[in-house]
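Basis for what follows: all heavy atoms, side chains included, without hydrogens, waters or symmetry-related copies.
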Amino acid sequence: LNKMVIQDECPTFTEGENKETVLFQAALAAKWREPPRDALDTMVLKTGLKLPQEGEQATEEDLEEGRRNLARLDEYSQLAFTPFDPRTKKTEGKLI
């Protein structure tokens, strides 16, 4: 079974960016209020940001972190969404 994982080390090339900011920006390009659509969404939303998934068990600490991350995401409104395209290798979300 193939499984995507997030590396502990996340090299970035922009000052002030780190693993958490990269994952947050990736989540903004997903439908964070809907169940993950693919392995990449699952990795970012569930594993990276610990967003609660219906019917899954989680620690109280993970649930609290997930609630904080969800509140941060909800500060944005998604105007448009383009799901992952394997040809161009990107997902897009237009936000305000």
Which residues satisfy the side-chain contact (heavy atoms from CB on, under 4.5 Å) test with A27, sequence neighbours excluded?
-> V44, L45, L49, L73
About how many Å separate CH2 of W32 and CG of L70, when rounded to the nearest 0.5 Å?
-> 9.0 Å
Of all residues at least two apart in sequence or in a different chain, which pass the side chain to side chain donor-acceptor pair (under 3.5 Å) check with K46?
-> E56
Starting at OG1 of T42, measure out to CG of L51 and round the result to the nearest 0.5 Å.
-> 11.0 Å
Residues at least two apart in sequence or cross-chain that pass side chain to side chain donor-acceptor pair (under 3.5 Å) with E64, listed by chain then number, are R67
Could you name each residue pair satisfying salt bridge (Lys or Arg N to Asp or Glu O under 4.0 Å) that touches residues 8-32, not counting sequence neighbours?
-> none
Pairs flagged by salt bridge (Lys or Arg N to Asp or Glu O under 4.0 Å) wherever residues 35-44 is involved - sequence neighbours left out | E34-R37
Using links of under 4.5 Å between side-chain heavy atoms of ILVMFWY residues, direct or through other members, which residues join I96 in one cluster?
-> L79
What residues form a side chain to side chain donor-acceptor pair (under 3.5 Å) with R33, not counting sequence neighbours?
-> D74
Treating Ile, Leu, Val, Met, Phe, Trp and Tyr as nodes and any side-chain heavy-atom pair under 4.5 angstrom as an edge, say whether F81 and L28 lie in one connected cluster.
-> no
With sequence neighbours excluded, give me every salt bridge (Lys or Arg N to Asp or Glu O under 4.0 Å) pair touching residues 81-96.
-> D85-R87, K90-E92
Taking side chain as C-beta onward, heavy atoms only, is V5 less than 4.5 Å from T47?
-> no
Atom OH of Y76: over 12 foreign heavy atoms under 6.0 Å = no
Residues two or more places apart in sequence or in another chain: which of them pass side-chain contact (heavy atoms from CB on, under 4.5 Å) with A58?
-> D62, L63
